[in-house]
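Chain letters run A, B, ... following the sequence lines, proteins first and then strands; every chain starts at 1.
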There are 2 protein chains.
Amino acid sequence: MSGADQPEGTARRPSRQRSAVLALLDDLDGFSSAQDLHALLRERGDAVGLATVYRALQALVDDGQVDVLRGADGEAAYRRCSPVHHHHLVCRSCGTTVEVADPPVERWARQIAAEHGFADVQHQVEVFGTCRACTTAGPVVS
Amino acid sequence: MSGADQPEGTARRPSRQRSAVLALLDDLDGFSSAQDLHALLRERGDAVGLATVYRALQALVDDGQVDVLRGADGEAAYRRCSPVHHHHLVCRSCGTTVEVADPPVERWARQIAAEHGFADVQHQVEVFGTCRACTTAGPVVS
DNA sequence: GTGTTCATGAGAATCATTCTCGCATAGCCG
DNA sequence: CGGCTATGCGAGAATGATTCTCATGAACAC
Ligand SMILES: [Mn+2]
Ligand SMILES: [Mn+2]
Ligand SMILES: [Zn+2]
Ligand SMILES: [Zn+2]
């Protein structure tokens, strides 16, 4: 219901590159930009072309194995995530992310849409804050 | 709590350009990109430089008179909106927007954040769907 | 094996947004 | 009313993430 998935009857051909991107995301905790992932892969040794990193990420997002978030600066950030619908609680300071289930919001979104006659509903919910660790460590000096 | 506001003791000098941008947004219904707004102003006769459109929009967002949304393509979309906290119900097909109040989500976000020890919470909620008019008119042919 | 199809990668192209910098203008003071 | 200065403006250049192009290589079907 989100991505364009893969056209019926076609298979996605496996590749070292796509596996490498997914494996890297498995080792990472927070969200990372495509550019960062590309740089990390290069450091790691198994290099992947930048264009391919983008293609792999798009494929993974379409397959629901990775989800994407748009930062305030418009740069896309990717993160490996569980395939069931959920939302994120993100630390504004260190990027730590918690996946949260959301029955109430789910219900609320459906209801508000129905009240206004909207069909085929999707919603996008992200909660930002400062995690306990960062709060303790003290605010960033500017 | 969102924008960087205006540094204490400084005043924002009024200008024809900023007024024009705001006035245009008043006449529009859905969300519009900076580029679109720039083109519309040009057609309208009272032209404004593109860079200035961006500056004006930033200022208006900081002042809370306009809010901004990032589309899936990363392009920022702006819309005049009421100054009280609210969320949007957006038609995926025609762009029509409804502002919705959200006591339940508000509570839910605060609670979920508290449960995980997050402080200084913000949230970002958008609901997308197909409005009644567009559902009736039939889906877009692709 | 052999021909077909899909994936890759280097670099060019796109394109929204931001920056630069010379100029216009508003607000201020005497 | 003239100067003085901080601020806004605009045209074009610069930036930078993402996408496109196209030639090459790997996977698949038979
Ligand atoms: Mn997730
Ligand atoms: Mn609004
Ligand atoms: Zn943190
Ligand atoms: Zn509609």
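- The six-membered or imidazole ring of A/His123 lies away from that of B/His87, with a centre-to-centre distance of 6.0 Å or more.
- In this structure, A/Gln17 does not reach the D/dA26 phosphate: none of its side-chain N or O atoms is under 4.0 Å from OP1 or OP2.
- With rounding to whole Å, A/Arg70 atom CZ is found 12 Å from C/dA16 atom C1'.
- Distances shorter than 4.0 Å separate none of the side-chain N or O atoms of A/Gln58 from OP1 or OP2 on D/dT18.
- Between the side chains of A/Tyr54 and A/Gln35, at least one donor-acceptor pair of N or O atoms lies under 3.5 Å.
- Counting only heavy atoms from C-beta on, B/Arg16 has its side chain closest to D/dG10 among C/dA10, D/dT18, D/dG10.
- Look at CG on A/Leu41: it is 14 Å from C1' on C/dG9, rounded to the nearest Å.
- When each of B/Leu50 and A/Ala47 is assigned the nucleotide of DNA chain C with its nearest heavy atom, A/Ala47 is the one assigned upstream, toward the 5' end.
- Using a 4.0 Å cut-off between charged side-chain N and carboxylate O, B/Glu126 and B/Arg70 make no salt bridge.
- Ring centroids of B/Phe128 and B/His88 are separated by 6.0 Å or more, keeping the two rings apart.
- A close approach under 4.0 Å does occur between a side-chain nitrogen or oxygen of B/Thr52 and OP1 or OP2 of D/dG10.
- The distance between atom CZ of B/Arg18 and atom C1' of C/dT25, rounded to the nearest whole Å, is 14 Å.
- In this structure, the CG atom of B/Asp73 is 16 Å from the C1' atom of D/dG16, given to the nearest Å.
- Between A/Asp63 and A/Arg12 there is a salt bridge, since a side-chain N of the basic residue sits under 4.0 Å from a carboxylate O of the acidic one.
- Computed from coordinates, the A/Glu75 CD to D/dG16 P distance equals 11 Å when rounded to whole Å.
- In this structure, CG of B/Asp46 is placed 11 Å from P of D/dG10, rounded to the nearest angstrom.
- With rounding to whole Å, A/His38 atom NE2 is found 12 Å from C/dG11 atom C1'.
- Regarding contacts with the backbone of D/dC9, a side-chain N or O of B/Ser15 is found under 4.0 angstrom from either OP1 or OP2.
- Contact between the side-chain N/O atoms of B/Tyr54 and the OP1/OP2 oxygens of C/dT17 is found at a separation under 4.0 Å.
- For A/Arg13 against C/dT5, a side-chain N or O and a base N or O form a donor-acceptor pair under 3.5 Å.
- Of the residues near DNA chain D, A/Arg55 and A/Ala77, the one whose nearest nucleotide (by heavy atom distance) lies more toward the 5' end is A/Ala77.
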